[in-house]
Structures are given as C-alpha cells and as structure tokens.
Amino acid sequence: MHKMLAAGVAVMALAAPMIAAAQDDAPTGGSMIVTYNDDVSTLDPAIGYDWQNWSIIKSIFDGLMDYEPGTTVLVPDLAESYELSDDGLTYTFHLRDGITFHNGRPLTSADIKYSIERAVNPDTLSPGQGFFWMIEGFDAAAAGEADGLSGIETPDDRTVVIRLSTPNATFLHVMALNFSFAVPREVVEELGPDFGRNPVGTGAFKLTEWSLGQHLILDRNENYHIPGVPKLDRIVFEVGQDPSVALLRMENGEVDILGDPIPSARFVEVMENPDYEGRIIEGGQLHTGYLTMNVQMAPFDDVRVRRAVNMAINKDRIVRIVNGRAVPANQPLPPAMPGYAEDYEGYPYDPEAAKALLAEAGYPDGFDTQLYAMNTDPNPRIAQAIQQDLAAVGIRAELLTLAQSTVIDAGGQPNTAPMIWSGGMGWIADFPDPSNFYGPILGCGGAVQGGWNWAWYCNEELDAKAAEADAMTDPARGEERIALWRDIYLQIMEDAPWAPIFNEQRFTFRSERIGGEDSYFVDPVHIPVNYDHVHALDAGQ
Amino acid sequence: MTPLLEVIGLERSFPTREGGRIRAVDGVDFTLSRGETLGVVGESGCGKSTLARLILQLVPPTAGQVLFEGEDLARLPAAALRRRRRDLQIVFQDPFASLDPRLRIESIIAEPLIIHGIGTREERRRTVATLLERVGLPPDAGRRYPHEFSGGQRQRVGIARAIALRPKLVIADEPVSALDVSIRAQILNLLADLKADLGLSYIFISHDLSVVEHVSDRVAVMYLGRFVELADAQTLYARPAHPYTRALISAIPQPDPSDRRARLVPPGEPPSPEHPPPGCRFHPRCPHARDVCREQTPALRRVEGGQGTHLAACHFAEEIAALPSPTG
Amino acid sequence: MRLILRSPTAVAGLIVIGATILVAVLAPWLAPYDYREQLFEGLTLEGAPLPPGGDFVFGTDTLGRDLLSRMMYGARTSLIVGVVSNGAAVLIGTLLGAIAGYVRGWLGTAIMRFTDLMMAFPALLLAIALAAIIGPSFWIVALVIALVNWVQVARVVYTETTALAEREYVEAARALGAHHLRIVGVHILPHLVPTMLVWATLGISTTVLLEATLSFLGIGVRPPEPSWGNIIFESQSYFTSAPWLVFIPGVAILLLALSFNLVGDALRDALDPTQRGRR
Amino acid sequence: MSRLSVEELTVGFNTDHGPVDVVEGVSFALDSGAMLGLVGESGCGKSVTAMAVMRLLATPPARIAGGRVLLDGVDLLRLSEAQMRRVRGDRIGMIFQEPMTSLNPTYTVGSQLVEAIRLHRPVGRREAWAQAGALLEQVGIGAVRRRLGQYPHELSGGLRQRVMIAMAIACSPAVVIADEPTTALDVTIQAQIMELLDALRREKGMGLLLITHDLGLVARYCDSVIVMYAGRIVERAPVKTLFAAPRHPYTHGLLASIPRLGRQQERLPSIRGMVPSPGLRGAGCAFADRCDRAVAACRAEVPPLGPADSDHGFACWNPLP
Amino acid sequence: MAAFLARRLGQAVLIVAGITLITFLLMYLIPADPARMIAGRNAPQSTVESIRQQLGLDRPIVEQYLIYLSNLLQGDLGRSYMQRTEVGELLWSRLPATLELMAGGIFFELLIGIPAGLAAAAYRGRLPDRVIMVAAFVGVSAPQFLVGILLLYVFAVELDWLPLRGYGGLDNLLLPALTLGILGGGWYARMMRSSMVDVLRRDYIRTARAKGAGAGRILVVHGLRNAILPIVAMIGLDIGIFMSGVVVVESVFGWPGIGQLAWQAIQRLDIPIIMGVTLIAALAIVLGNLLADMVAPLIDPRIRLRA
C-alpha cells in the first residue's frame, strides 16, 4: 500500500498518461444492490461531504483530476493533460474532447470555471470552500465581494488556466476533490437548491430515480468518456437498511455490497465463517483515531502529563474491543499516508513510567478531568476503555458521551473540553497527502474559537515548516517534501498534544456475484467500493 | 327587632352548554324569624336546592341580598364569612355523598370544631362524644367509617356535624328523602328535638308535602325558580290558593285505601327552566288557566281574605282558595 | 397491607421489588467483580463478549465486564431513577392538576393549556435539549424525566379534582367555613392518593426506559456507572450474537416494572376504605 | 289459577363472611289483572325477590337456595339460561326504578323498543318499528315518530319511564314486575305513571307485582299486599284489611310513622333501632329487638306465616289484636 | 359544530405556535453551532461566519422565529442544513411510512385490547380475568425495543416467517405494528375491562337482560358502545404517544419514517428538520385529540360538541 502510493506521487508528471481504457476483460452489464442505514443526503458535489454520498458523487461527476482505481495515484480525468509553470503558480489544463453532460450538452472550460467558482461562492454554503484558498482571488470571492475567481481563466473552450497566489503541492489533489467537480450551469441555475436531488454530471453513472428514504437508482452513462467504464448497468442503493439486517440479507444473497461497516456484534462470527472466505476484503484507510488533550488547560499544559497519557493507554486492548478492525497508532499519520514514519516507535504502553511522569509533573495522585466522546457505538466503549486505562495511572476522567454536534462545539470552545476521543468525528483524509492532516486539526489556524484543533495546539515554527513544505510544487522535490512532513509529525509527537490510538481498517463484504480487483473493494477514495469498476459476474447471462 | 334571616330579590342563573341561561332561582323574597321552621316544597329542578346554597353563600347570587341578622352575607370579606358560617349550617340530602368516605366519623364531626379552632384535642374528643350521644349514635361509632353505617345513621352524623358549632340556622336540604319510612320518622323527631333544645331555626327543603307539613311553621311552594305560594302550614294545606299547590297536595297518595279523593293530576311535566313559558309559568299545566295567565306574570301577593300572611302568585288566588280543601 | 398480601400476584411483585432493593443495597458485597473493571479474560481473543456460564454467571459485556456485577449496581440507578424521578413527576403533576382542578378560573385554564402544550411536545426532544443546555448528570435525568412525565398525571388529576371539588362533602366543608387549603389537604388530596400511587407505579417502566434512552444519548448516568437501561443500549445491536446482553437487563426491567404495576394495582384496591371496612 | 306463584323462595349471597340468606321462604301468588304490592324497607329483600323471579341475579355471588317460581305452572328455576332468556321480556316484563339510567344512553328510544320486540317476535325491522310506535301511543306518548328517533337523555323523566313501560309490555307479558317504578319521579309525574300502570294491567289482564316502599301507592292501587322485613314476609293481606287492622307490630309501626296530610302531630310515632343486617339476625323473629310487644318466644323461634287458611297472614308470636 | 371546529382549530394553532416557539428556544439554547456543522472541518472562520449570516443565525432569536413563522405561513418549512433538501419534501417522503406504522399500531392495539378487555370483563373475578390482566400488565411493562427485538428474533430470525426489517408490504408492517400495539393493547385491555365492568353494573344492562338479551348481545351491543368512549379518547392521545414510540420502533425495525429522520436530525442539529418534525408531531397530537372529540358524540349522543 505504502509503496503503491509512493509510486503515485512520482507519477505526477507534466504529461501524465491518460487513464487507460479498462483493459481487463471483466464483463459489462448487470446490476448490484448496495445498502445503507442512513438516507443519502444531497448529491450536489459542491455540498455533499458525507462518507456516504462522497463516492456516489464521484460516480455521477468528474473533475479535472482523478485517481487510478484502487490507488491514490493522481491522473488527469476531464483534463487530457496539464502544465505547470516554472514558478509553480500557473496550471494550464487541456480538456478532453467529446465529453458531454448527462443532459447531452458538451462540457466546456467555462463549466470548470463556473463549478469551482460556485464552490467558493458563499451563497452556495459549500463545506469545501476552504480547500480553494490557494487560488488567486479566493479571498474576494469567498467573501462574496468579487463575482468569481480572478485566478481562473478560459482562453478557449478546451483550456482552463488556474493561477495560484502561492505555490501549493496539494493543488492537484484539490482538483480531484468532489468540490471541484464539473456541473452544468444551466441546470444548476434552473434547479437552484434542488440540484442536489437531481444531479446532472459527466460521470460514469446518471441518477435515474430517487425515492427519498427508500432507494436511489443509478444507471450507466452510455456516453462516458472512458470506454468500457462503468462495468455495471445499474446500481440500486437501498437506504434505511439497518446494518445488521443488511448483513442478514447479504447472507441470504439479497444484497451485493454492505455500504455500512459489518456490525461489530457479528463481526467475529462473520469473519470466522469459511463460507465467506475471499468475500470480505480488508484494506487500510486514511484514518486516525486519536485522543486530544487541550494544551491550554491545566494539567495538560504540561507536556509530561500529555506524554504520560500517551503511555498510559493500552492500544492493543482497544483494538481488541473493536474486534481487531484497526491497527494501533503511534503518530498522527496513518500508515498508508506518505510521510508515515515507519521506524518511529512512539510512546510505549508503560503505566509505571506514566505514573512516574505524572509524579514528576506534580501529580503523584493523579487528577480529575473530563473526557468527551460521541455517543454512537463503539465510541462510548472505546472511551470507557481509555477511561479505565487512565484510571490505572490515577487520572480520573469523567466521561461525557454526547451528540456529535455537541462534542464538536465543546472542542471548538476554549477551555472547555480537556480531552476528546475523536471517534466518529475523526479525521479521514480528503486526499492522500500528509498536509491534509495538519492545517485545521493541528495547525494554529484551527486553534481558534469554533476551530477543529481540539488540542488547541499551536506551534508557530511548525506552521512555518508546513507552509514551506506545501510550497514545494516541483515534483522532483517530492521526496524532500514528504520527509519534511514526516519531521513535522514527529515533532508534534514530541509535544504530544494527541494520543493517537488506532488507524481503522476497512472490511468490505461483497456478494458472490460481484467481482473486480480486491483494491476496488477497499478503494482509498471510494468508500465502500469503487462503483465504476466493480462488475457483476453474472452480467450478460 | 331584625329577623334572623331576610332574603331579598335573590336570583341566580347558570349558563347552559348551548349558550343560554337557566334562571334557577328567579327573584325570591322571604324572611325567617328566630325559632321558626320554613318549609320549601317543589319538584325536582324547581330551584330549591340552589336556594339553599345561595343562602349559605356556597353559590354566589347573581342578584339580591341575603341578610343574616341584618348583615349582608354576600358583602362579607372571605374571612369574616368563614367565621359567620358558624351560625348557618346545612344538612344534605344524600347522607353518603356528604360525608368524606376517607375520614372516620369522629373526624367528620370534629371538623367544624377544628376549622373554627374550638377547644383542645381532648375537649373536641369530649364534644364529639356528646354529639354522638345527642344524635343517638353509639359511642364507638366515632372510630368507624361512613360506609359502615346505614343511611339513617349517616344522616345522624351529618346532623351532628351541623349542630357541632351550635348554629342559629340549619338548612335541611331533603334530609329524609333518601331514608326509609321508619328511619324517616326517627330523624324527623331528632330534628324536632334539636330545635327545641338548641333553639334552632330551620329551612326545611323537601319534595314531600306531608313531611313538610309535619315539620314546618310556614311553607313556601316553589315552581320554576319562584315562590308561587307562601303561607303558614295549616292554611296552605287547608286552603291552597295556587292551583299548583292544590295539585301537589292532591297527588300525594295517602296510606289509606278508603281515601278516594279526586286526583287533580296536572298534565305534562314542568317545562325546561331554560325556556320558561310566558305569563304564569304554570299556565300550560293549569286546569284553571285563562287568557290573562298566558300573558301576565302574576306577582306573589296577599290572598284577599286569607288567614295571616297568605301569599300566592296566581291571578285567581281567591277563587282557588275557595275551592274545597284537597286534603278532604 | 393484609389486603395486598391477599393477591398472589401482588405478593410476587413485592418479592421481586424487595429482592431488587436488597441486591441494590448489598451490591458491593454481592457483586463477584468490580463492575467497572474491563477484565482481560472477559473477552474472547477476537474481542467478543463471553456468554453466561463459567466464571461469569450472566456473561460479560462488550468491554469484558462482568454483567452480573453491572446488573447489581445498575439496579441502584434504575430504582433511584424509577422511584425518585417518577415520584417527582407524580408530585408535580398532582400539584398542578389539583390546583387547576380546584381553582379553575384563569389560573386553572392557564395550567391546563400549558399541559396541553406539553402533551403535544415530543418528550425526547425536550429531554435532549434540556440536558444539552443544563449539562449532563444523573440528577438531570431525574429532572428531565419528571419534567416530561408529569403531564399525563396532571391531566388525570385535573379531571379527578374537578369531580371531587363538586362532591357534596366538599360543599359541606365549605359550608363549615373551611379554608381552601384545608379542603384541598383534607378532602381532595387524600382521594387522589390512589391515582397518584397507580401512576407512581405504572410510570416506573416508562421512566426506567426513558432513563435508558437518555443515558444512551449521553445525558444521564455517566459511564462506566451502569444502569439497566444503558446496559441494553450499549449493546443493543448484539441481540443476535450476544443476546444475554439485551435480554437479561430487558427482562429485569420488565420484571421490575411489572412488579411495581402489580403492587400498585393491589395498593389501589387496598387503599380504598370501602374495601378496608369489610372485615 | 295464579299466573305467577312463588313458593318458599330462598336466596342467599356468598359474602366475605360466608353465605347469608337474604330472602327466606318467600311465597306469594299473582293473578291475571291483579296488582300485588310488595312493601318493605331497603334491604328487606323485595328487590332480590323480584330479581330472583327474573333470574337476573348474578350467580355467584347470589345463589337461589330453594323454592319454586311457577309461571303458568312451569318452574322458571329449572329452565336453562337460553330458555329463561325467552321468558324474560316475553312472558315477564320488568320496570325499574331509575328511568334515567335504565335506558341505554347510546341508542334511540326506537331501537331499544325494536330490540325488545325482535328478541322475541320474528318480525321485520319495518314492522317492528311500526309496533314500537304503537307501543308508545299505548303508554300515552304523542308525536311518536319524533320520539322514536330520540335518545333517552332528550326525554324527561316521566317520558323515559313511559318508554320503560312500553318496553316491558312490548310482548304482552303475563306478568309485569315494577320495581319502585315511581320513586325517582316527582309527585305529579308519579301519579301519571301509576294511573298508566293501573290502566294497562286492567286492559291487558297482566298480573302486576308492584315493589315499593310507599304505602300510599299500595293503598291506592293494589288489590293485596305483602309486607317484607329482613328477608321474610311478615304479613300479607288484601289492602283494605291490612290498612284497617294490621296484625304485625312492624306493619303497624310502619303505618303509624308516616306523616299524614292534615293531621298535625307533635311527634311521629317511630320504630326504634334499625334493620339488622343479614347474617347478624338471631335465631328468633328478626323484628324482636325493635318490637315493643316482643315476648320470650320471639327471640327463640321464627314465627311462621299464618294462619294458612286465611287471606290475612302474619308472622308473629304476639300479634296485635 | 362549526363554532366548535373554529374554536378547536384556533386552540390547535395556538398550541402548535407555542410548541414551535419552545422548540426554537431550546434549539437556540443548545450549546452547538449549526453553522460549524455545515461548514465542515476545512472551512476558515470567515466561511462559518458567512454561513451563519446566510442562514440568518446571527440575528436575534425573536427575528429568527418570526422569519420562521412567516415562512411557515407560506408553507415553507425551510431546507435541511445537511441534506439541503426541502424539509417539507423530506417529511412528506417519510410520513406515509410513519402513518402506516401508526395505523398498524392502532389496529393491533384495538385488536388486542378490546377483545381482551371484553373477555376479562365478561369473566371478571375469575381465572380468565386474572390471566388476561396479568398479561396486560406484562404488555404495559415490557420495554418496547425488547418486545421488538424479541419478535424479530422469534418470527424473522428463528422461524423465518416474516421479513426481518424493511419497508413495503404488509408482511414488513406486521412486526413493527405489533410491537407498537402490544403496549397500547395492554393499556386498552385494562381500560376496556374497567370501563366495561363499570358499564355492566349499569341499570340499562339489567334492563337489557330483563328484555331477554343474551350475554354476547349484552356485551357487544349494549356494553361495548358505552364502554368504548375512554378508549376513543385514548386513541387521540395515543397518536401523540406514538410519535415518541415510533423513534424506538423505527430504529429497531429499520422503518424509514419520521422517527429515524428526527433521530438523525437531532444528532446533527439540523434545526429545520427538528422544527419540522416537532411541527408534525404537534399537529398529529392536536388532530388526534380533535378527532377523538369529534367521534365521541357519534358514539355517545349525550356528548355534545361544546363551543
């Protein structure tokens, strides 16, 4: 996994190869049923930001860039090719020919410009607005003072020129984010806020039916620009399906993909069932579950206390509580992320040493504090495990398990939440780049009222280093940049504002009739599966 | 000397569900002297029970005055009225409903004493014992609950409670209607004894004319919220001056098979008090009704040539009074 | 009391309640394990809870804690919440209902309109919002439940009080010059006791469950303190793979609620002096 | 021959303190067209007797311990419940005390009358409604069409009791039992209802058993009378005989304690004490404790009702002369 | 009748307005910021501010409420913060499922409660009565989700007679509706019994027996109609109680109704949806009571609609 990703970064070339037409001889046709517990919310790419609608949107829309299926390798998508100016500030994208929206209208460069500007326009209320900060003219546009982004120009129908205000190595990832996906202006303007219910894009599938609270049907886009894609003719998303029921239906062969994770209650049993051999695919996730300690609140303002907490927690036992569906973590970055320090050992589990550290910090008898956590399973259980471990070294943490919105609010208030278990609200990377784990959650920018830096950790020196790293847009300096990020995260661990607990693993359960590369089923950017590339084995029969 | 009780133009109306108003008591005047018993008779719904509650200020009057020893009860402040209640008491019809089923008899009888803060606990206990004896109940009755007693005994409890404060006036609202014949006589005798012993005055409300005749000095006949006749008992029964009184008297079956009086049963039933007929309210059922009865409401007036103060609300009172006596 | 003992179902109920109280009180001595301790041997290697039997009579929960010990300590919470908060609800409801029913007038109307309003208000939402505003604690649960559950009591008491206030013996007391306070205290409230008792007992099951829901939402009992409700909710999705985690506390709640209901029913009959007089 | 004859009827109740007989050895006969008064105070067993004849007592707690109830020679106590159902309302009609509560408030007068007819007569709905109208006319109710469509609460007390009577006579029964039919009514209405009952029994030749506590009604309307005390008949006689010369001290005391119009008395003669509750009656005459004429025998043995050959029977060891 | 309706509708409007006001106030007081939830993690503070402004969350509460009310009067319930779909549409799409569930629940309540209550009353004091009443107490005391899970386990998992969960056919409805109905059924059985026992003591029942009516006829024709009134009033209230009950039942059975929607919305502080659900719940309760009041006179002619 790690290796694959390193290769991907290297591929960031001026003339990237086209995504090859699917060369495998997987059959096309057929359909599959995917179940979800929650209703699917908006499919507007500028707005949708759930893990659930994230990949559905990816199948309906396209952006300038994309990733190779099953990998984190950036490749041009709507763009045929792009060039980067020497100062690292100007990107020129050349659109592929003959791409049309689902309504039949050909895609032009104006659509790209409109789509990005729409995401930045405050009227859109896009949660992705902030991702575009590096584009020239962002501030004026984001404040609603300018009509559009001065940094985007469309010299002709097939060329988009984007100027940045500062060189940024993550920019191409941003162009692969849903928020920058192309939408047809006339449809958006006609439907207004209802566009998310009736999405029209250029993607591999088009939405044909949406019965709120019951099901969605996606059908193949016959005019999709990549030949042989998608494989399936139809995907039916059945919503309101309780995961344990969905699992039983899966066992009855009524369902093809469990959209939600396998319920913990039955995880062990399912994994041990020989009948499902090969049908449950395990993969990594760009996720870290961590415990924040508010460095502005005593006693967590003492680094020794924070280190003691890091040493007090038995991560192996917590991993067991989640049925081994995670690997213990010792640093903010997940193993699949470039910059992960493989040789770093982290803080060992050592309650005695933790006690000694606490004593040294002036808390020989420990102290009382509070631990916030979200109230959905398994988070209260994990929090209780942490609570017990802390109690063993004398830290008596009162546990507050609350609704998501309340915990998030508490985290963003100064001097409110001494400790927060991030589960359920934790960081899943928006794109596979180490910088994505820093800004809002560990940088000074996030350590403000209403911010997401719940540790209130602010290290100016590291902020400067981060800026430096992100300015390294030259692909040749890729390795150097990654190394810089690695150092940043290791230095953070010295200050220990977090106690990283684990990195979640994904387990995708598929029916016997669905096939494809294993990597398609644990695709790092498409969750739960890469809808465009999995196929039905009984297609055409 | 002021009379014990003076009722002037007393009125009370209730709203109905349909938005109309029922004039339950519609202009009643009378006086009651000390030591006197006034009987009030009438059929159900004529307003006699409301009259009792109006006098006691349990229901506020819509108009009119209730002067007790010259003091207008309706104008008394709440606290003063509560104190005044010592002098006015009531005995209810239903000896079960009027006793709190969750209290022991001794608590029920002692309640007025407690309310008015009379005596110590020990004194009250002795008073209760005396009262029990006075109304003819065994001494151990105090420890028991109302439902353990028969109707007659419960009525004795009600009477004991009413006389506990030595009131000046007792209003008895159908006190014997719910009782059996043999018990009824006992209670009537008890009431008579108490009156003699304690110098009580009574307003005795009943639908039973023979009982009223037996206990009353004067009798008032009520029909649809008004007094239609008021006279001393003997006169009223011997020479009724209102056709309704006549009809009532003649309708009473006497326990005497040889009694073959002609029965003057009035046809139909009392009209709804919500829509009383115009003119004389009795005219639709009156065998003597003439045109004037349908148009003019007769006032309660002295009957010419009547004995004492014989009042009747009939245009032809003198004519009626001259008819042969219904009691035969 | 003798009358209650006459009903075999009520006796069974009393036994269950008595046993629960006993277990709750003696929990520190009876519990085989520390109810908070997440035992290493309490989970399988894959992290699954252990079924009943062996060292763990009721099995273990998903954190490897002994279920029996947690049930014993949980009885405390459930009893306290059931009795205290439901009792408070009944008291509030009775007070408001009795005032509205006795006083009538604008005050009575205002109280009853407010009751109507509360009746139509989704209780769960109110509970969540209140707890979020005031901040979570065990006593908040009690308060929230009381605030939610008084409504029906108030309505019933209101109806009864209006009927009681028209009884002849109340009129008799007024005729005697009794003050309103005395009338309410002596002639009305005692008659409401059976209703109150019935609601106090009938409401217990709803209360215990509401506590469970609130605890689940993170409003109530702080983990790792157990209550029967939060034991269920912590593990409700395990009903097929670890049914004991749902059914043992579920049946406990059912039995306790049932017992309170049966005893309440018998109590109502027994409190009626028209029954008592029959010797 | 009598239409209805009750012989040695004994009815007991199971109470918390064991079985108690509330009606003991009651016998009487009722002829066609006759009106028999059954008089007594509350709790004397007169209503229980009526209910036992109709077999309307809930068993348990009630228990008919002995005796016979012969209607035209058939013992009703031996009939099955289904057979008895056919007798009720058809051969014996019943009128109750409270016209307010004895009619079903949720059905119209018409449908309740129609039910009374159709339960026993195989007539169509239309025909039954016509008959119901005719019945109302018979009991003196005008504007029949409107009345049939009205609910009981829309009628006055007197009208309701007329409807009850119409229901009781719907199938022209041989016997009608009227249990305190006028007690709840005003004096003037009471007179109307009694006149109606009197006329109907004559017209239709029904035997009418009038259960009442009002001796005035009995004196006025009945042919003969039975006085009950504490579950037993203490005296029976033709009306004139009884009122002229009661032999039982209880009957005598009862008659004396009624205040009479135009007869001013300072004190009413009254019977002291009160009725002993069932189960607490001693071995002898139940009235002995209240009786001024009681002799030793009274406390020892229950006096029999006699003499048998006379139409004036009384159960007393020391009767009035 | 018209006056009655007008008055009751007036009251209903007031109650609903009162409820929306309280809800609004509560939402305002909850320490959490919807704007942040919408903005997501990457948004700079300025974005949060502009979202807050966009949604009018920066205005005084009174103004926000008035805007809400005036929109409401125009039939506009607002748009979900998270889903960006019109709240009206979301509610509308889920209403049929919830209504179906409630109807099924009421059906089972009556189906269980009325016959059980009748039977208990008919055999009052005897063994069947005791058995039914204890069973009714069990029904009343049983935690709803426990009943649901048990039914699910027995009929769907073990016996496999009925579909596990899901929404659609009558077979899907059976278990959730039964779960909802068992609680109410217990209540109704008790109410029906006490009401019926009371009615059976009435004089008109004696009259009916004196007429020669049989036991069954007396129970059903004469008793039921008089005894059922408290139940009818209860059904009105039940609609309200169900609004809370459906949250549990819908989550146990994966029923795509209002309850689920409300649950999700509360988690995410999606105020427009919460307001919408409260509104619907309040309306349901008010309408349920109104309906019960209007049906009552049809059953008992003594009751008149009081204006």
Side-chain angles (χ1 to χ4, degrees), chain B residues 41-46 136 149-153 178-190 192-193 207-215 233-234 237-238 244 247-260 263-272 285 325-328, chain D residues 39-44 155-159 182-192 194-195 212-222 225 229 238-244 250 253-275 277 290:
Chain B
V41 284
E43 294 179 279
S44 52
C46 73
F149 293 91
S150 68
Q153 289 173 311
L179 306 179
D180 276 320
V181 182
S182 67
I183 308 300
R184 186 160 71 182
Q186 293 173 358
I187 298 293
L188 288 175
N189 288 338
L190 172 64
D193 294 346
H207 68 276
D208 186 331
L209 277 91
S210 13
V211 169
V212 168
E213 186 197 20
H214 177 73
V215 299
Q234 245 171 332
Y237 284 82
Y244 178 61
L248 279 182
I249 293 170
S250 83
I252 304 169
Q254 287 298 293
D256 180 1
S258 58
D259 170 34
R260 286 287 175 241
R263 304 193 70 173
L264 312 162
V265 181
E269 300 188 26
S272 151
R285 303 174 72 194
S325 166
T327 43
Chain D
V39 191
E41 297 180 88
S42 39
C44 73
L155 304 179
S156 66
L159 280 179
T182 60
T183 308
L185 301 176
D186 278 324
V187 198
T188 54
I189 314 301
Q190 168 183 305
Q192 295 170 0
M194 282 313 299
E195 297 290 339
T212 182
H213 67 276
D214 188 338
L215 286 159
L217 284 183
V218 171
R220 180 129 206 170
Y221 295 102
C222 292
V225 58
Y229 184 79
V239 162
K240 284 207 169 103
T241 317
L242 186 100
F243 281 84
Y250 173 66
L254 212 53
L255 283 170
S257 63
I258 302 168
R260 304 194 183 197
L261 278 183
R263 199 191 294 170
Q264 287 284 8
Q265 295 158 287
E266 208 30 61
R267 275 186 84 76
L268 285 171
S270 67
I271 307 172
R272 64 188 150 84
M274 50 183 192
V275 185
S277 50
R290 304 176 72 187

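Numbers restart at 1 for each chain; the letters A, B, ... are given by sequence-line order, proteins then strands. As the structure is a computational prediction, the values presented were derived from the model and not from experiment.
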Looking only at side chains, do D:Y221 and D:E195 share a donor and an acceptor under 3.5 Å apart?
-> yes

Max heavy-atom pairs within cutoff under 4.5 Å with chain B, candidates D:I271, D:L254, D:T188, D:L159, goes to D:T188

What pair of heavy atoms forms the shortest contact from [X] to [Y], and how long is it?
{"X": "D:L268", "Y": "D:I258", "answer": "CD2-C, 4.3 Å"}
{"X": "B:L209", "Y": "B:Y237", "answer": "O-OH, 2.5 Å"}
{"X": "D:G158", "Y": "D:L185", "answer": "N-CD2, 4.2 Å"}

Which atoms of B:L248 approach chain D - backbone, side chain, both or neither, heavy atom under 4.5 Å | both

Proximal component of B:S150, with respect to chain D [non-hydrogen, under 4.5 Å] = side chain

What part of D:V239 gets closer than 4.5 Å to chain B, counting heavy atoms only: side chain, backbone, both or neither?
-> both

